[in-house]
A.B. asks: 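This is the structure, below, for whatever I ask next.
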Amino acid sequence: MIERIGILGGGQLARMLVQQGQRLGLQMSVYCENKNDPAAQVTNLATISTFQDLKTLQKFCSQQDLVTIESEFFPADLLAALEKQSKAKIFPQPKLLAQLQDRGPQKTLLMKQKVSTSPFALVEKQKDLTEFAQEFGFPIVLKARMGGYDGFGTYILKDKQAVGEFWKKFSRQSWIVEKFISFQSECAVSFARNRKGEIVHFPVNQTHQVDRRLDWMTGPLKTSAALKKMLKQLEKFVRAIDYVGLITFELFETKTGFLVNEIAPRVHNSGHASLEACNVDQFTAHLLAITNAKLPKISACQNYGLLNLIGDNQKTFSLPQSAGLGHLHWYGKTENRMGRKMGHITILASSEKEVLQKLKQLRKR
């Protein structure tokens, strides 16, 4: 019987995984670098050390039945070694994570499984960019193959001069180039799959970015024929790659249908509202999936929205006493800084119009 779950990472995603795991009766441990990290605040089973401390990392993993991650950028080769040495199962599977954390193999996987996504090419020299632009036209989109998130590591080049300037500055890094997509809106959807092959997906959320970060979102998005087509593609994809756990797809909605922008093999900011809005939340679904428990069908209880609380300065702050119009989740971070996600507020309402009205009121506050 699986009872001991270890999480590598101590941020807000790990914090909410710990809290939901405790509600399932699981023994939840975290490995992080600071005793004040959000996840370390909610469990007395926190190992505090650096991720370069391989001996302590191995000991931590050997004390668990299963290990999972809160960031897809944990080195996949290190995870594979830890799994072999500690005998603890790690999900997502390290071999698969190696493909998903690198945008090159990630896009190749999508193409191989015939999932709609934007045309792309690997970049090895400046000529690759000019040839791609000749085929698809400017602007073109450059994405770092490793480590990019919330828009970091993404650049839009509008002409040949920009290509030359970019290459002088960034030629030593690894990139992919994509066709620029003129989209109507951005969406996100999460799937959960266990080792028995059972698979479920959450309602699709419409996401709204400010400065390339999720600022607010609403759901559930009404299911159109085009969206049904994409959901079928994504379910087939998750089965084909034998994914175990929760995986999130960021989508573009275009005039001709939906396509995948990026994949996050983990619980995701766009799914936080599921804690209040759905019969099962994304964190519980991930834990049920990796422990090979039965996955219940997911449904939304009503219309919902989410507003991120993001730092816009480095001043000291006081904990909000009330969300006022919704459910406040505060992450327990001790330092405020520009762009840092400090918490979120979930809104529930009887209609999408009411959700939007409340989100607008909250943003003014």
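Quick note: numbers below take in every heavy atom, side chains included, and nothing from hydrogens, waters or symmetry partners.
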A.B. asks: Establish whether I290 and L13 are linked, either directly or via other cluster members, by ILVMFWY side-chain heavy-atom contacts under 4.5 Å.
C.D. replies: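 Linked within one cluster.
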A.B. asks: List the atom of Y31, the atom of D53, and the distance in Å for their closest heavy-atom pair.
C.D. replies: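 Scanning both residues completely, I find the closest heavy atoms to be OH-O, 3.7 Å.
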A.B. asks: May I ask you to decide if A277's main-chain N or O and S274's side chain share a donor-acceptor pair within less than 3.5 Å?
C.D. replies: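 Checked: no pair found.
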A.B. asks: Does atom NZ of K228 have more than 12 heavy-atom neighbours, drawn from other residues, nucleotides or ligands, at distances under 6.0 Å?
C.D. replies: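 Not more than 12 within 6.0 Å, no.
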A.B. asks: In terms of hydrophobic clustering (I, L, V, M, F, W, Y; side-chain heavy atoms under 4.5 Å; direct or indirect links), are L328 and V355 co-clustered?
C.D. replies: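 Looking at the clustering, V355 is in the same group as L328.
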A.B. asks: Applying side-chain contact (heavy atoms from CB on, under 4.5 Å) to D65 and T291, what does each step give before you reach the verdict?
C.D. replies: CA-CA 9 Å; D65 296 315; T291 57; over 6 Å; no
A.B. asks: Test your reading of the model: is there a side-chain donor-acceptor pair from D102 to the backbone of G104, 3.5 Å cut-off?
C.D. replies: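 Yes, D102 side chain to G104 backbone: donor-acceptor pair under 3.5 Å.
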A.B. asks: Can a salt bridge be assigned to the pair D37 and R15 using a cut-off of 4.0 Å between side-chain N and carboxylate O?
C.D. replies: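 Looking at D37 and R15, the cut-off is not met.
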A.B. asks: Taking the side chain as C-beta and beyond, is there a heavy-atom pair between L288 and P296 under 4.5 Å?
C.D. replies: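 Answer yes - side chains close enough.
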A.B. asks: Is the CD atom of E124 crowded by more than 12 outside heavy atoms at less than 6.0 Å?
C.D. replies: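 Atom CD in E124 is not packed in, count stays at 12 or less.
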A.B. asks: Do S62 and K87 touch side chain to side chain, with heavy atoms closer than 4.5 Å?
C.D. replies: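 The answer is no, as the side chains (C-beta and beyond) never meet within the 4.5 Å cut-off.
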A.B. asks: Any non-hydrogen side-chain atom of D128 less than 4.5 Å from a side-chain atom of V177?
C.D. replies: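 Counting from C-beta outward, D128 and V177 never come under 4.5 Å.
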A.B. asks: Test S118 against K107 for side-chain contact (heavy atoms from CB on, under 4.5 Å), laying out the working first.
C.D. replies: CA-CA 9 Å; S118 58; K107 290 283 285 191; 3.0 Å; yes
A.B. asks: Measure from the ring center of F180 to the ring center of F138 and say whether it is less than 6.0 Å.
C.D. replies: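 Not close enough - the centres of the two rings lie 6.0 Å or further apart.
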A.B. asks: Looking only at atom types and distance, does a side-chain atom of N308 sit under 3.5 Å from a main-chain N or O of I310, one as donor and one as acceptor?
C.D. replies: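 Answer holds: no.
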A.B. asks: According to a hydrophobic-cluster definition based on side-chain heavy atoms being under 4.5 Å apart (Ile, Leu, Val, Met, Phe, Trp, Tyr only), do V244 and L246 belong together?
C.D. replies: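 Yes, because V244 and L246 connect within a single hydrophobic cluster, where side-chain heavy atoms sit under 4.5 Å apart.
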A.B. asks: More than 12 non-hydrogen atoms from neighbouring residues, nucleotides or ligands closer than 6.0 Å to CD on Q314, yes or no?
C.D. replies: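 Not buried by this count: 12 neighbours or fewer within 6.0 Å.
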A.B. asks: Is the distance between the ring centroids of Y331 and H344 under 6.0 Å?
C.D. replies: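 Between H344 and Y331, which both carry aromatic rings, the centre distance is below 6.0 Å.
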A.B. asks: Looking only at heavy atoms, what is the nearest atom pair of C32 and G9, with distance?
C.D. replies: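 Distance-wise, the nearest heavy atoms are CB-C, 4.2 Å.
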A.B. asks: Would you find a donor on one side and an acceptor on the other, under 3.5 Å apart, between the side chain of S224 and the backbone of L227?
C.D. replies: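 A pair under 3.5 Å: yes.
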A.B. asks: Keeping the roles fixed (side chain from N205, backbone from T207), state whether a donor-acceptor pair exists under 3.5 Å.
C.D. replies: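 Side chain of N205 to backbone of T207, a donor-acceptor pair under 3.5 Å: no, none is there.
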A.B. asks: Before accepting this row, confirm whether a basic side-chain N of the pair R103/E262 lies closer than 4.0 Å to the acidic partner's carboxylate O.
C.D. replies: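 Yes.
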A.B. asks: Could you tell me which non-hydrogen atom of E354 sits nearest to which non-hydrogen atom of S350, and how far apart they are?
C.D. replies: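 Minimum heavy-atom separation between E354 and S350: OE1-OG, 2.9 Å.
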A.B. asks: Would you indicate whether the side-chain heavy atoms of K358 and I345 approach each other to under 4.5 Å?
C.D. replies: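 Side chain of I345 against side chain of K358, heavy atoms only: no contact under 4.5 Å found.
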A.B. asks: Rounded to the nearest 0.5 Å, what separates atom NZ in K297 from atom SG in C278?
C.D. replies: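 K297 atom NZ to C278 atom SG measures 13.0 Å (nearest 0.5 Å).
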A.B. asks: Using every non-hydrogen atom in the two residues, find where C187 and F258 come nearest and quote the distance to one decimal.
C.D. replies: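 Nearest pair, atom of C187 first, then F258: SG-CE2, 3.9 Å.
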A.B. asks: Would a single hydrophobic cluster contain both F91 and V30, if residues Ile, Leu, Val, Met, Phe, Trp and Tyr are joined by side-chain heavy-atom contacts under 4.5 Å?
C.D. replies: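 As far as the 4.5 Å side-chain criterion goes, F91 and V30 are connected within one cluster.
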A.B. asks: Could you point out which residue of L231, L234, L221 forms a side-chain contact (heavy atoms from CB on, under 4.5 Å) with L251?
C.D. replies: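 Going through L231, L234, L221 one by one, the side-chain contact (heavy atoms from CB on, under 4.5 Å) with L251 is satisfied by L234 alone.
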A.B. asks: Do the non-hydrogen side-chain atoms of F60 and L82 ever get within less than 4.5 Å of each other?
C.D. replies: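 A side-chain contact is absent here, since even the closest heavy-atom pair is not under 4.5 Å.
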A.B. asks: After noting the C-alpha distance and the side-chain angles of M217 and Y304, does the key distance pass the side-chain contact (heavy atoms from CB on, under 4.5 Å) rule?
C.D. replies: CA-CA 9 Å; M217 51 132 291; Y304 56 84; 3.5 Å; yes
A.B. asks: Once rounded to the nearest 0.5 Å, what's the spacing between atom OG of S190 and atom CD of E250?
C.D. replies: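 That separation rounds to 9.5 Å.
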A.B. asks: Look up atom NZ in K229 and atom OG1 in T223, then write down how far apart they are to the nearest 0.5 Å.
C.D. replies: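 Output value for this atom pair is 16.0 Å.
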A.B. asks: Looking at Q302 and L348, would you say the former's side chain and the latter's main chain have a donor-acceptor pair under 3.5 Å?
C.D. replies: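 The answer is no, because no donor-acceptor pair under 3.5 Å joins these two groups.
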A.B. asks: Can you find a pair of side-chain heavy atoms, one from Q206 and one from E253, that are under 4.5 Å apart?
C.D. replies: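 Heavy-atom side-chain distance check passes, below 4.5 Å.
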A.B. asks: Is a donor on one side and an acceptor on the other found under 3.5 Å between the side chain of N194 and the backbone of A293?
C.D. replies: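 Looks like yes, one N/O pair under 3.5 Å.
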A.B. asks: Tell me if a side-chain donor or acceptor on Q209 pairs with a main-chain N or O of L214 at a distance below 3.5 Å.
C.D. replies: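 Present.
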A.B. asks: Walk me through whether L79 and V67 qualify under side-chain contact (heavy atoms from CB on, under 4.5 Å).
C.D. replies: CA-CA 9 Å; L79 287 175; V67 173; 5.5 Å; no
A.B. asks: Classify the ring geometry between W216 and H208 as parallel (under 30°), tilted (30 to 60°) or perpendicular (over 60°).
C.D. replies: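 It falls in the parallel class, under 30°.
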A.B. asks: Counting only heavy atoms not in E352, do more than 12 sit closer than 6.0 Å to its CD atom?
C.D. replies: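 Result for CD/E352: open.
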A.B. asks: With side chains defined as the heavy atoms from C-beta onward, is the minimum distance between Q99 and T108 less than 4.5 Å?
C.D. replies: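 Not touching, per the 4.5 Å side-chain cut-off.
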A.B. asks: Distance check, rounded to the nearest 0.5 Å: Q64 atom CD versus S86 atom OG?
C.D. replies: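 Reported value, rounded in 0.5 Å steps: 9.0 Å.
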A.B. asks: Going from CD1 on I181 to CD on E186, what distance comes out if it is rounded to the nearest 0.5 angstrom?
C.D. replies: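 Output value for this atom pair is 12.0 Å.
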A.B. asks: What's the separation between atom OG1 in T47 and atom CD in Q63, rounded to the nearest 0.5 Å?
C.D. replies: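 The distance works out to 6.5 Å.
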A.B. asks: Could you pull out the closest heavy-atom pair between G164 and Q126, with the gap in Å?
C.D. replies: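 Result for this residue pair: CA-NE2, 3.7 Å.
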A.B. asks: Does E72 use its side chain to pair, donor to acceptor, with the backbone of Q101 at less than 3.5 Å?
C.D. replies: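 Answer holds: no.
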A.B. asks: Applying the 4.5 Å side-chain criterion to the ILVMFWY set and letting contacts propagate, would I199 and Y243 be lumped into a single cluster?
C.D. replies: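 As far as the 4.5 Å side-chain criterion goes, Y243 and I199 are connected within one cluster.
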A.B. asks: Between Q282 (side chain only) and H268 (backbone N and O only), is there a donor and an acceptor less than 3.5 Å apart?
C.D. replies: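 Pair found, side chain donor or acceptor close to backbone of H268.
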A.B. asks: Any idea how F166 and W175 line up, ring-wise: parallel (<30°), tilted (30 to 60°), or perpendicular (>60°)?
C.D. replies: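 Geometry flag for W175 against F166: perpendicular rings.
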A.B. asks: Does a donor on one side chain sit under 3.5 Å from an acceptor on the other, for Q20 and D281?
C.D. replies: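 Q20 vs D281: donor-acceptor pair found between side chains.
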A.B. asks: Determine whether the aromatic ring centres of residues F170 and Y155 are separated by less than 6.0 angstrom.
C.D. replies: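 Yes, ring centres under 6.0 Å apart.
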A.B. asks: Which pair of non-hydrogen atoms, one from H329 and one from T346, has the smallest distance, and what is that distance?
C.D. replies: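 Shortest heavy-atom contact: CD2-OG1, 4.3 Å.
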A.B. asks: Less than 4.5 Å apart, side chain to side chain, heavy atoms only: is that true for L54 and L78?
C.D. replies: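 Yes, side chains in contact.
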